[in-house]
S.K.: 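I'd like to ask you about the structure that follows.
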Amino acid sequence: MRIATWNVNSIRSRVDRALGVLERHDLDVLALQETKCKDVQFPLDRFTEAGYEVAFHGLDQWNGVAIVSRVGIEDVQIGFDGMPHWGEPDPVAEARAIGATCGGVRIWSLYIPNGRALDNPHYAYKLDWLASLRDTAAGWLADDPQAQICLMGDWNVAPRDEDVWDPGFFEGKTHVSGPERAAFQAMIDAGYDDVVRPHTEGQYTYWDYTQLRFPKKQGMRIDFALASPALATRVTAAAIDREERKGKGASDHAPVLVVIED
DNA sequence: ATGGCGGCCTGCGGCCGA
């Protein structure tokens with residue numbers, strides 16, 4: 001099975017590119033983040049015409065997640081148990097997580113909060129969100145150590161200095177702070193392996209639109225696929241589709257691909 | 001080559017992103 005995750009940065013603006021990614025990589029499943037539309041606005045027909053089913057969740061122009069599959073899409077869940085809320089005066093569950101079982105694998109499309117700045121309330125929200133996800137995901141493995149689970153998406157954390165083009169540039173900024181890196185490591189410690197890094201050493205998944213970051217090769221590795229132990233042993237290959245970042249109308253993120261033996 | 005932000009809104013500037 002061939003699966004991938006991609007922060008598409010508006011599905012309405014990039015549905016053609018999304019269909020191109022599906023075809024180019026012969027994907028069975030594609031997890032999308034930042035679809036940036038309400039459910040009624042989601043371009044569902046374009047995917048069904050191509051032979052895919054889609055589970056999607058969007059509340060407004062912010063966030064939004066989806067799972068595209070041609071190997072079935074069952075037991076769809078919006079959000080996860082204990083997922084923190086955000087907003088004033090009445091905090092709500094944002095559209096940042098959707099899960100579904102596709103081809104026997106429990107797929108989660110995740111869009112971790114940005115954090116904005118170390119002294120911003122959004123940063124505490126981000127850490128809380130990651131800690132809650134860890135607790136819930138650890139529970140899934142406690143219930144079934146053989147579970148086939150893939151937690152994939154835009155984690156908004158660069159776990160290592162080598163995951164940013166200039167560590168000095170990021171001093172005092174989000175994505176590289178100790179607590180964020182500890183929160184990401186806690187996912188690993190809970191039993192979920194980063195199955196992409198071993199196949200993609202030295203590569204980035206994101207390049208800012210500004211300052212010619214892409215042609216200057218000044219990017220970040222912030223998109224990950226974390227696999228449960230039983231699934232990790234089935235991973236035979238992984239890749240980052242840097243070509244997708246090229247040209248007019250690209251997302252600022254590249255798709256991250258994982259190949260799982262049947 | 002890969003190229004100088006781009007997406008959203010009942011918009012025309014302000015927000016969010018990382």
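Chain identifiers are assigned alphabetically (A, B, ...) following the order of the sequence lines, protein sequences preceding nucleic acid strands; residue numbering begins at 1 within each chain.
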S.K.: Kindly say if A/S251 contacts the phosphate of B/dG7, meaning a side-chain N or O under 4.0 Å from OP1 or OP2.
M.R.: no

S.K.: Going by side-chain heavy atoms closer than 4.5 Å, which hydrophobic residues are tied to A/F170, directly or by a chain of links?
M.R.: A/V164, A/W165, A/F169, A/V176, A/Y204, A/Y206, A/W207, A/F214, A/M220, A/I222

S.K.: Could you check whether A/R24 pairs with A/E244 (Lys NZ or Arg NE/NH1/NH2 to Asp/Glu carboxylate O, under 4.0 Å)?
M.R.: yes

S.K.: Rounded to the Å, how far apart are A/K246 NZ and B/dG4 P?
M.R.: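 Computing the A/K246:NZ to B/dG4:P distance gives 15 Å.
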
S.K.: Distance check, P atoms only: B/dC9 and B/dG4, in whole angstrom units.
M.R.: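 Rounded to whole Å, the distance is 24 Å.
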
S.K.: Tell me the interatomic distance from A/K38, atom NZ, to B/dG7, atom C1', rounded to whole angstroms.
M.R.: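 After rounding, the reported distance stands at 16 Å.
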
S.K.: Name the nucleic acid region contacted by A/K173, choosing base, sugar-phosphate or nothing; use a 4.0 angstrom heavy-atom cut-off, strictly under.
M.R.: nothing

S.K.: When the P atoms of B/dA18 and B/dC8 are compared, how many Å lie between them, rounded to an integer?
M.R.: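 One P to the other, the span is 15 Å.
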
S.K.: So with a 6.0 Å cut-off around CD of A/E23, is the heavy-atom count from everything else above 12?
M.R.: no

S.K.: From CD1 of A/I11 over to C1' of B/dG7, roughly how many Å is that when rounded to an integer?
M.R.: 13 Å

S.K.: Would you tabulate the side-chain donor-acceptor contacts of residues 135-146 of chain A under 3.5 Å, counting partners in other chains and residues two or more places apart, or write 'none'?
M.R.:
from, atom 1, to, atom 2, distance (Å)
A/T136, OG1, A/D81, O, 2.7
A/T136, OG1, A/S132, O, 3.2
A/D144, OD1, A/Q146, N, 3.0

S.K.: Please work out if A/Q211 contacts a base, only the sugar-phosphate, or nothing of the nucleic acid, heavy-atom cut-off 4.0 Å.
M.R.: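 Sugar-phosphate, no base atom in range.
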
S.K.: Run the side-chain contact (heavy atoms from CB on, under 4.5 Å) test against A/S10 and tell me which residues pass, sequence neighbours left out.
M.R.: A/R12, A/S13, A/K36

S.K.: I'd like to compare against my own output: the B/S/- annotation of nucleotides 9-18 of chain B with a strict under-4.0 Å heavy-atom distance to protein.
M.R.: S-----BSBB

S.K.: Side-chain N or O of A/R14 less than 4.0 angstrom from OP1 or OP2 on B/dG7?
M.R.: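 Checking B/dG7 against A/R14, a side-chain N or O does come within under 4.0 Å of OP1 or OP2.
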
S.K.: Return the set of residues passing side-chain contact (heavy atoms from CB on, under 4.5 Å) with A/L212 (not counting sequence neighbours), or none when no residue passes.
M.R.: A/P215, A/K216

S.K.: Can you tell me, in whole Å, how much space there is between the P of B/dT10 and that of B/dC15?
M.R.: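 The answer is 14 Å between these two P atoms.
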
S.K.: How close or far is atom C1' of B/dT2 from atom NZ of A/K216, stated in whole angstroms?
M.R.: 13 Å

S.K.: Who passes side-chain contact (heavy atoms from CB on, under 4.5 Å) against A/E201, sequence neighbours left out?
M.R.: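 For A/E201, the residues satisfying side-chain contact (heavy atoms from CB on, under 4.5 Å) (neighbours in sequence not counted) are A/E162, A/R197.
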
